[in-house]
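Excluded from the calculations below are hydrogen atoms, water molecules and symmetry mates; all remaining heavy atoms, backbone and side chain alike, are included. Quantities reported herein were computed from a predicted structural model and do not represent experimental measurements.
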Amino acid sequence: MASRTNQRVLLGCALLCAAALACADSSRLSAAESQPQPIVAVANFPVASAARLAGDGKQTRFILDLDQTVTFRAVTLADPYRVVVDVPQVNFQLPAGAGSGGRGLVKAFRYGLVMPGGSRIVFDLTGPARIANSYVLEAANGQPARLVLELEEVDRTAFVQSLAPEHRPELRPTIAEAQPATAPVTAAPDTAAQQKADGRPVVVIDPGHGGIDNGTQSSGESEKNLVLAFGLALRDKLEKAGKYRVVMTRDDDTFIPLNDRTKVARNLKAALFVSIHADALPRAEGDAQGATIYTLSDKASDAEAQRLADAENRADAIAGFNLAEEPTDVADILIDLTQRETRTFSNRFARLLMGEMKSTVRMHKHPLKSAGFRVLKAPDVPSVLVEIGYVSNKGDLEHLVSEGWRSRAVGSMAQAIDGFLTKRMATAGSSN
């Protein structure tokens, strides 16, 4: 009798332990599914849990709560007035909407990953201001570690004089030595040799935005995440066929400057560059829906194309980089015969892509447009920018988050890429 009682007790304990382990595993799984970054990454990087502004139009203080101290660099930038703070990579766990509102000298601030190993906070200022003080406090007396930035109003003359010469043309990030792109911006000799040995045409897929630049947002969805998922699916589809070498300008939530995106394609002598975006139309401009394909043009095809190009060309400013014009040598190349030929091929691919996509996905009423997109200005790489839909349109957004729709859209895009490059390779072969 005592033996049976002991067995029941042991069985009960075992069942309780199993249940506890199951609950723990379920909790861990739920937590993992809700994390935007891998669990390992979250554990390795400092966590920012709260941020706040205090003060007025004369003096304003910013405070960031952290679970450990960090090194940082803070600089001011002009036109527009901004303060940029570079820190090692941080896991931002700030409340939703943090930074969207301002106070005192700060209109708003944004934050995020700007390169592998480096994060950035960018403050949009109401006018010229200087960094009166900046420091990090260690955790003490039950309070977390804190990064503190104190700003003070100054006039334009004093502001310009406070800028270091190297900061006047642009901000040069120094937090991480890693290149801000999945593919090397400057191709290493072994990479070039590997590419030559490979022999397959290179297709560069460019998911827009990323890191500190969310792109457009609607109903809790961010453009940067939607286009990354689409770009990865397109990469997988093309790689499965095995006919092309596929390179992503980014394959994670990292910000890539516009010039670096085109450099990836040029350095790899890409056969095609496809930039993926998902626009939003301001409410005042009504509603629009469907996919649109853009090519490069000195003059925008319509007002909407111009608005979109202007918005996309400001991406570098969003992350604190200077929006410098293209170097003179590039500007000269743009009017060269090489550029004309490249534009011809870009337009040819755009028409082919429209033909394939319209059979599987909803297209914009004017699906082919052109404007002066900086990301399409590689003079020797056929390039298109594809707006796969409008996140501001309810129907389009439902498609953008649907795996079934994505699979169909990716399939038609992959078919267009294959048709275009197969014909180009055949033509190149016959000319040789």
Enquirer: Could you tell me if Q217 and S222 have a donor-acceptor pair between their side chains, going purely by distance under 3.5 Å?
Expert: yes
Enquirer: To the nearest 0.5 Å, tell me how far N214 CG sits from E223 CD.
Expert: 9.5 Å
Enquirer: Without hydrogens or angle criteria, can the side chains of R61 and N133 be said to hold a donor-acceptor pair below 3.5 Å?
Expert: no
Enquirer: In sequence, state the C-alpha distance, the side-chain angles, and the governing distance for L376 and E312, and then conclude on side chain to side chain contact (heavy atoms under 4.5 Å, CB included).
Expert: CA-CA 11 Å; L376 299 182; E312 296 298 345; over 6 Å; no
Enquirer: Can you tell me how far the CG atom of D56 sits from the NZ atom of K58, to the nearest 0.5 Å?
Expert: 8.5 Å
Enquirer: Does the cation-pi check pass for R424 over F345, that is, NZ or CZ under 6.0 Å from the six-membered ring centre and within 45° of its axis?
Expert: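 Yes - R424 lies over the ring of F345, closer than 6.0 Å to its centre and within 45° of its axis.
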Enquirer: Evaluate salt bridge (charged side-chain N to carboxylate O under 4.0 Å, His left out) for E304 paired with K369, printing each intermediate quantity in order.
Expert: CA-CA 9 Å; E304 184 181 331; K369 298 189 179 187; 3.5 Å; yes
Enquirer: Could you check whether any side-chain N or O of S218 sits under 3.5 Å from a backbone N or O of V391, counting only pairs where one atom can act as donor and the other as acceptor?
Expert: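 Such a contact is found between S218 side chain and V391 backbone.
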Enquirer: Under a 4.5 Å cut-off applied to non-hydrogen side-chain atoms, are K243 and D418 in contact?
Expert: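 Answer yes - side chains close enough.
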Enquirer: Examine the side chains of T69 and E138 and answer whether a donor and an acceptor come within less than 3.5 Å of each other.
Expert: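 Side-chain D/A pair, T69 to E138: absent.
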Enquirer: Give me the atom names and distance for the closest heavy-atom approach of L149 to A74.
Expert: CD1-CB, 4.1 Å
Enquirer: Looking at D213 and K224, is any side-chain nitrogen of the basic one under 4.0 Å from a carboxylate oxygen of the acidic one?
Expert: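 Looking at D213 together with K224, the answer is no, because their closest N to O distance does not fall below 4.0 Å.
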Enquirer: Could you walk me through whether R52 and D65 pass the salt bridge (charged side-chain N to carboxylate O under 4.0 Å, His left out) check?
Expert: CA-CA 9 Å; R52 54 200 173 277; D65 289 349; 3.1 Å; yes
Enquirer: Quick one: does S119's side chain get under 4.5 Å of L113's, heavy atoms only?
Expert: yes
Enquirer: Is a donor on one side and an acceptor on the other found under 3.5 Å between the side chain of N313 and the backbone of G372?
Expert: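 Yes, the answer is positive, given that a donor and an acceptor are paired below the 3.5 Å cut-off.
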Enquirer: Between T216 and A278 (side chain of the first, backbone of the second, donor and acceptor by atom type, cut-off under 3.5 Å), is there such a pair?
Expert: yes
Enquirer: Between R250 and D260, does any side-chain N to carboxylate O distance fall below 4.0 Å?
Expert: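 D260 and R250: not salt-bridged.
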Enquirer: Do L308 and H277 make a side-chain contact, defined as non-hydrogen atoms from C-beta onward lying under 4.5 Å apart?
Expert: no
Enquirer: Check the pair M413 / I205 against side chain to side chain contact (heavy atoms under 4.5 Å, CB included), numbers first and verdict last.
Expert: CA-CA 12 Å; M413 194 174 290; I205 301 172; over 6 Å; no
Enquirer: Do V274 and L353 make a side-chain contact, defined as non-hydrogen atoms from C-beta onward lying under 4.5 Å apart?
Expert: no
Enquirer: Hey, does the side chain of E387 reach the backbone of D279 with a donor-acceptor pair shorter than 3.5 angstrom?
Expert: yes
Enquirer: Considering non-hydrogen atoms only, spot the tightest contact between V70 and P88 and give its length.
Expert: CB-CD, 4.3 Å
Enquirer: Between R120 and D86, does any side-chain N to carboxylate O distance fall below 4.0 Å?
Expert: yes
Enquirer: Taking all atoms of both residues into account, what is the closest heavy-atom pair of G419 and L352, and its distance?
Expert: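 What the structure gives for the nearest pair is C-CD2, 4.0 Å.
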Enquirer: Looking at R261 and P207, what are the two nearest heavy atoms and their distance?
Expert: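 For R261 versus P207, the nearest heavy atoms are NH1-O, 2.9 Å.
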Enquirer: Roughly how far apart are H209 NE2 and I256 CD1, rounded to 0.5 Å?
Expert: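 Rounded to the nearest 0.5 Å, the NE2-CD1 separation comes out at 13.0 Å.
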Enquirer: Here's a test for you: under side-chain contact (heavy atoms from CB on, under 4.5 Å), which of V47, I121, I212 qualifies with F92?
Expert: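 It is I121, the one option of V47, I121, I212 that forms the side-chain contact (heavy atoms from CB on, under 4.5 Å) with F92.
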Enquirer: Please tell me if the side chains of I131 and L151 come closer than 4.5 Å, counting only heavy atoms from C-beta onward.
Expert: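 Yes, at least one pair of side-chain atoms sits under 4.5 Å.
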Enquirer: Are K377 and T262 close enough that some pair of their side-chain heavy atoms sits under 4.5 Å apart?
Expert: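 Heavy-atom side-chain distance check fails, nothing below 4.5 Å.
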Enquirer: Would you call the rings of W405 and F230 parallel, tilted or perpendicular, where under 30° means parallel and over 60° means perpendicular?
Expert: tilted
Enquirer: Roughly how far, to the nearest 0.5 Å, is CG of D67 from CZ of F45?
Expert: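 The CG atom of D67 is 12.5 Å from CZ of F45, to the nearest 0.5 Å.
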Enquirer: Which residues pass the ring-ring contact (aromatic ring centres under 6.0 Å, His included) test with F373, not counting sequence neighbours?
Expert: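 F373 satisfies ring-ring contact (aromatic ring centres under 6.0 Å, His included) with Y294 once adjacent residues are dropped.
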Enquirer: Please examine the side chains of F349 and V384, heavy atoms only from C-beta on, and report whether any two atoms are closer than 4.5 Å.
Expert: yes
Enquirer: So, do D396 and R362 sit near enough that their side-chain heavy atoms are less than 4.5 Å apart?
Expert: yes
Enquirer: Show the numbers, then the answer: is there a side chain to side chain contact (heavy atoms under 4.5 Å, CB included) between L53 and F109?
Expert: CA-CA 10 Å; L53 292 164; F109 66 88; 4.2 Å; yes
Enquirer: Strictly distance-based, threshold 3.5 Å: is any side-chain N or O of S392 a donor or acceptor partner for the main-chain N or O of Y390?
Expert: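 Checking the backbone N and O of Y390 against the side chain of S392, no donor-acceptor pair under 3.5 Å is found.
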Enquirer: Would you compute the distance between atom CG of L296 and atom OG1 of T342 and round it to the nearest 0.5 angstrom?
Expert: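 So the gap between those two atoms works out to 10.0 Å.
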Enquirer: Strictly by modelled atom types, are T157 and D155 linked by a side-chain donor-acceptor pair under 3.5 Å?
Expert: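 Per modelled atom types, T157 and D155 side chains form no pair under 3.5 Å.
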Enquirer: Treating S359 as the side-chain partner and E356 as the backbone partner, does any N or O pair qualify as donor plus acceptor under 3.5 Å?
Expert: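 It does hold such a pair.
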Enquirer: Would you say S346's side chain and S383's backbone share a donor-acceptor pair under 3.5 angstrom?
Expert: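 Here the side-chain-to-backbone pair exists.
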Enquirer: Which heavy atom of R266 sits nearest a heavy atom of A378, and at what distance?
Expert: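 Nearest heavy atoms, R266 then A378: CG-CB, 3.8 Å.
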Enquirer: I need the minimum non-hydrogen distance between A48 and L64, along with the two atoms involved.
Expert: CB-CD1, 3.9 Å
Enquirer: Nearest 0.5 Å, what's the CZ-OG distance between R374 and S275?
Expert: 12.5 Å
Enquirer: For side chain to side chain contact (heavy atoms under 4.5 Å, CB included), just list the numbers for M363 and I293, CA-CA rounded to whole Å, side-chain angles, deciding distance to a tenth of an Å, and then say yes or no.
Expert: CA-CA 9 Å; M363 302 296 291; I293 303 162; 4.2 Å; yes
Enquirer: Is the shortest distance from a Lys or Arg side-chain nitrogen in D124 or R110 to a carboxylate oxygen in the other one below 4.0 Å?
Expert: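 Looking at R110 together with D124, the answer is yes, because their closest N to O distance falls below 4.0 Å.
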